[in-house]
Amino acid sequence: MTVAITVSERAARKIGQILSKEGEGAKLRISVEGGGCSGFQYKFDVERTQADDDLVIERDSAVVLIDPASVPFLAGSEVDFVDDLIGASFRVVNPNATASCGCGTSFSV
């Protein structure tokens, strides 16, 4: 299984913009939780605390944290930012997802 989780250039730019407004030490945490219409859902939070066992992804001014329990669900994924007719949002392109909902924030494995 590929563990690499990447952040696209578009996502890094948007994350950097968000974090710059949050002040010194702000990071974006991405996690996977039970729930949503497909079984699991992605959660995005801005926080300043980083655990010793967090996976840290840095690209340009973006710093992303992923907790160890979420890493297997996100392995091989790319975090992207899409701004289209239905709105602007972060999207996770996840090769582990066998199904997802229409909103793109919920998935099953």
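Scope of the values below: all heavy atoms of this structure, side chains included, with no hydrogens, waters or symmetry mates.
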> At their closest point, which heavy atom of Ile5 faces which heavy atom of Gly76, and how far apart are they?
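So the two residues come closest at CG1-N, 4.3 Å.
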
> Would you say the side-chain atoms of Lys14 pair up with the backbone N or O of Ala12, donor to acceptor, closer than 3.5 Å?
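It does not hold such a pair.
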
> Testing the basics here: between Ile66 and Ile57, what is the closest heavy-atom pair and its distance to 0.1 Å?
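Of all heavy-atom pairs spanning Ile66 and Ile57, the closest is CD1-CD1, 3.8 Å.
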
> Can you name the closest pair of heavy atoms from Lys27 and Gly25 and give their distance?
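Answer, listing the atom of Lys27 first, then Gly25: NZ-O, 3.2 Å.
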
> Check the surroundings of atom CD in Glu9: do more than 12 heavy atoms from other residues, nucleotides or ligands lie under 6.0 Å from it?
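For Glu9, atom CD is not crowded (no more than 12 foreign heavy atoms under 6.0 Å).
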
> So among Val92, Ile15, Ile18, Val64, which one has a side chain to side chain contact (heavy atoms under 4.5 Å, CB included) with Phe44?
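Among the candidates, only Val92 passes.
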
> With rounding to the nearest 0.5 Å, note down the distance linking CZ in Arg13 to CZ in Arg59.
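The CZ atom of Arg59 is 9.0 Å from CZ of Arg13, to the nearest 0.5 Å.
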
> Please check: side-chain N/O of Arg48 versus main-chain N/O of Glu24, any donor-acceptor pairing under 3.5 Å?
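Yes; at least one donor-acceptor contact below 3.5 Å.
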
> How far apart are the closest heavy atoms of Ser61 and Leu19, and which atoms are they?
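Nearest pair, atom of Ser61 first, then Leu19: O-CD1, 4.3 Å.
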
> Would you please classify the geometry between the Phe90 ring and the Phe81 ring as parallel, tilted or perpendicular, with 30° and 60° separating the classes?
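Judged by the thresholds at 30° and 60°, the geometry between Phe81 and Phe90 is perpendicular.
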
> What pair of heavy atoms forms the shortest contact from Val56 to Gln50, and how long is it?
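Here Val56 and Gln50 meet closest at CG2-NE2, 3.2 Å.
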
> Starting from Tyr42, can I reach Val46 by hopping between I/L/V/M/F/W/Y residues whose side chains sit under 4.5 Å apart?
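Result: yes, single cluster for both.
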
> Between Asn96 (side chain only) and Ala75 (backbone N and O only), is there a donor and an acceptor less than 3.5 Å apart?
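Answer holds: yes.
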
> Do side-chain atoms of Asp45 reach the backbone of Arg29 as a donor and acceptor pair under 3.5 angstrom?
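Flag not set: sc Asp45 to bb Arg29 has no pair under 3.5 Å.
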
> Kindly state each residue pair satisfying salt bridge (charged side-chain N to carboxylate O under 4.0 Å, His left out) with at least one member in residues 66-81, sequence neighbours excluded.
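For residues 66-81: Arg10-Asp80.
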
> Any idea which heavy atoms bring Leu65 and Thr49 closest together, and the distance?
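Looking at all heavy atoms of both residues, the shortest contact is CD1-O, 3.5 Å.
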
